[in-house]
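Working notes, beginning with the structure itself.
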Amino acid sequence: MQDKIQKARDAIARAEKLLVFTGAGISKESGVPTFREADGLWEKFKAEDFATLDAFKRNPREVWKWYRERRALALKVKPNPAHYAVVRLEEAHEDFLVATQNIDNLHQRAGAKKVLELHGNIMHSYCMKCGHLVDESAGELPGEVPSCPCEDCDGLMRPKVVWFGEQLDPHDLERSFQFASECDCCIVIGTSGLVYPAAQIPFLARRNDATIIDVNPEPSAITPIADYFLAGPAGQIMPRLVEE
Ligand code: BJW
Ligand code: ZN
């Protein structure tokens, strides 16, 4: 393992363009549940009842309750050593990007600046009628079924997250795809690699002959294309990848 970590560190040190692609697993040690593990969210909450526009339209109260609770949790927990290790990589690499599928805001709270949130941010909501955007990362919790604060607008607010069947922000998606196609090293942390189009990112990097480093306690859909599969929790592996 130490030898693999050393080789992965060498690849990172050599990289001129470094991409970090993250999923729910990086936040697990902070106390945020993942989706598809045995104790994941999709065990208790069916995706089609909570993470689609249809579900929201059918039952905005129930869906908002779920997001309110998850937002309260995201505000309460703290970034873990893996999030801080990513910040140190950003500090050491001029040409750098984090493309995250996470909505928990923990990369930013750790201090990361170059972050693309492909699936949105749980602290933000927007009006389904006029598009008015509200940033509540300071800590406010939304009401039961929040409505638009604009005068003369009675639109329903929704969480600014990407549900199944919805398009990712085309600008952010294009930027992350472009970066992946040009990077020479891609560190994949804590994702099952099952949700598209985000999961294409490591494959685009691979096509450019980038070194792929996969950090995950379990093999994922990305592991077969990884040069280095570093098996273990991100909070333990990532600090070892960046230590002085
Ligand atoms: C650790 C650890 C530790 C544990 N350390 N690791 C191609 C084929 C088939 C289907 C599709 C396709 N292309 C598109 C689709 C449909 C669909 C899709 O991908 N479905 C698949 C599931 C089959 N995609 C979409 O619908 C997307 N939209 C779209 O395609 O639009 C097209 C369109 C075009 C034009 C007009 C309109 C539409 C949107 C996908 C949105 C996903 N949204 C969610 C919810 C976000 C909001 C919320 O959280 O409430 O995003 S779903 C959920 O999955 C969430 C995550 O970001 C995403 C990825 O999950 P992630 O992060 O990988 O988590 P897990 O749980 O899967 O894995 C955790 C990993 O961590 C595991 O590997 C663990 O081992 C590991 N781990 N502890 C490190 N300590
Ligand atoms: Zn409005």
Side-chain angles (χ1 to χ4, degrees), residues 5 8-9 11-34 70-125 133-141 159-162 168-169 171-173 175-176 178-180 182-191 198 201-202 205 210-211 213-216 230 232-244:
I5 290 201
R9 285 173 56 162
I12 294 169
R14 276 195 311 271
E16 282 175 10
K17 197 176 185 86
L18 178 64
L19 175 60
V20 175
F21 175 55
T22 65
I26 193 174
S27 298
K28 182 150 179 191
E29 289 151 273
S30 292
V32 182
T34 59
R70 290 175 63 208
R71 190 192 283 192
L73 176 68
L75 284 163
K76 198 175 76 184
V77 302
K78 294 189 173 61
N80 69 57
H83 296 102
Y84 290 111
V86 170
V87 177
R88 282 164 62 192
L89 290 172
E90 175 170 346
E91 286 163 356
H93 292 262
E94 183 62 32
D95 202 357
F96 178 89
L97 182 70
V98 181
T100 187
Q101 300 167 87
N102 299 345
I103 62 173
D104 57 27
N105 217 25
L106 289 178
H107 281 298
Q108 290 90 333
R109 280 179 54 203
K113 304 247 168 356
K114 296 175 177 168
V115 184
L116 282 184
E117 297 169 310
L118 296 169
H119 293 161
N121 186 316
I122 198 168
M123 305 301 165
H124 301 168
S125 44
L133 184 70
V134 177
D135 177 348
E136 290 164 324
S137 42
E140 305 95 300
L141 287 183
K160 191 174 184 294
V161 298
V162 182
L168 284 68
D169 180 295
H171 179 258
D172 287 353
L173 187 63
R175 246 190 87 198
S176 61
Q178 188 68 35
F179 201 95
E182 293 169 354
C183 73
D184 34 34
C185 182
C186 174
I187 311 175
V188 181
I189 311 169
T191 181
I201 287 172
T211 303
I213 300 165
D214 185 22
V215 180
N216 197 316
L230 307 178
Q236 290 174 28
I237 302 283
M238 287 308 297
R240 290 174 66 188
L241 263 189
V242 302
E243 75 198 12
E244 307 308 325

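Quick caveat: nothing in here was measured; it's all calculated off a predicted structure. What's counted below: heavy atoms across the whole structure, side chains too, no hydrogens, waters or symmetry copies.
N102 places none of its side-chain heavy atoms less than 4.5 Å from the side chain of V32. Counting heavy atoms from C-beta on, the side chains of L230 and R240 never come closer than 4.5 Å. At a threshold of 4.5 Å between non-hydrogen side-chain atoms, the residues V77 and L106 count as touching. No side-chain heavy atom of P33 sits under 4.5 Å from any side-chain heavy atom of R70. Side-chain contact between S125 and R71 is present, with at least one heavy-atom pair separated by less than 4.5 Å. Counting heavy atoms from C-beta on, the side chains of I201 and F179 never come closer than 4.5 Å. Counting heavy atoms from C-beta on, the side chains of V161 and H119 never come closer than 4.5 Å. Under the 4.5 Å side-chain criterion, counting only non-hydrogen atoms from C-beta, I26 is in contact with H107.
In this structure, the separation between CG on L118 and CG on L168 is 6.0 Å, given to the nearest 0.5 Å. From I213, atom CD1 reaches atom CZ of R9 across 11.5 Å, with rounding to the nearest 0.5 Å. Rounding to the nearest 0.5 Å gives a distance of 12.0 Å between CG of L19 and NE2 of H93. To the nearest 0.5 angstrom, L241 atom CG is 7.5 Å from L89 atom CG. Between the CD atom of E136 and the CD1 atom of I122 there is a distance of 11.0 Å, given to the nearest 0.5 Å.
Residues satisfying the side chain to side chain donor-acceptor pair (under 3.5 Å) criterion with Q178, sequence neighbours excluded, are E182. Every salt bridge (charged side-chain N to carboxylate O under 4.0 Å, His left out) that K28 has, sequence neighbours left out, goes to E37, D39.
Residue K78 comes nearest to S30 through the heavy atom pair O-OG, 2.7 Å, listed as atom of the first residue, atom of the second, then distance. The minimum heavy-atom distance between G235 and N80, with the atom names listed, is CA-OD1, 4.1 Å. Nearest heavy atom pair, residue A205 against residue C186, reads CB-CB, 3.8 Å. The two residues A99 and S176 make their nearest non-hydrogen contact at CB-CB, 4.2 Å. Residues C185 and A210 share a closest heavy-atom pair of N-CB, 3.8 Å. Residues M123 and A74 come closest through the heavy atom pair CE-CB, 3.6 Å.
Shown here is E140, whose CD atom has more than 12 heavy atoms of other residues, nucleotides or ligands within 6.0 Å.
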>> Checking Q108 against S137 for the side chain to side chain contact (heavy atoms under 4.5 Å, CB included) test, could you report, in this order, the C-alpha distance in whole Å, the side-chain angles of both residues, the deciding distance, and whether it holds?
In response: CA-CA 11 Å; Q108 290 90 333; S137 42; over 6 Å; no
> What do the steps show when you test I189 against V20 for side chain to side chain contact (heavy atoms under 4.5 Å, CB included), and what is the final call?
Replying inline: CA-CA 7 Å; I189 311 169; V20 175; 3.7 Å; yes
>> With side chain to side chain contact (heavy atoms under 4.5 Å, CB included) as the criterion, how do I187 and L18 come out once you've worked through the C-alpha distance, each side chain's angles and the decisive distance to 0.1 Å?
In response: CA-CA 8 Å; I187 311 175; L18 178 64; 4.1 Å; yes
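Counting only distance, with no hydrogens or angles, the side chain of T191 and the backbone of T22 share no donor-acceptor pair below 3.5 Å. Judged by distance alone, with hydrogens and angles left aside, the side-chain atoms of D184 form a donor-acceptor pair with the main-chain N or O of K17 at under 3.5 Å.
Put simply, the residue from V98, V115, T100 that forms a side chain to side chain contact (heavy atoms under 4.5 Å, CB included) with V86 is V98.
Sorted by first and then second residue, the salt bridge (Lys or Arg N to Asp or Glu O under 4.0 Å) pairs involving residues 105-122 (not counting sequence neighbours) form an empty list.
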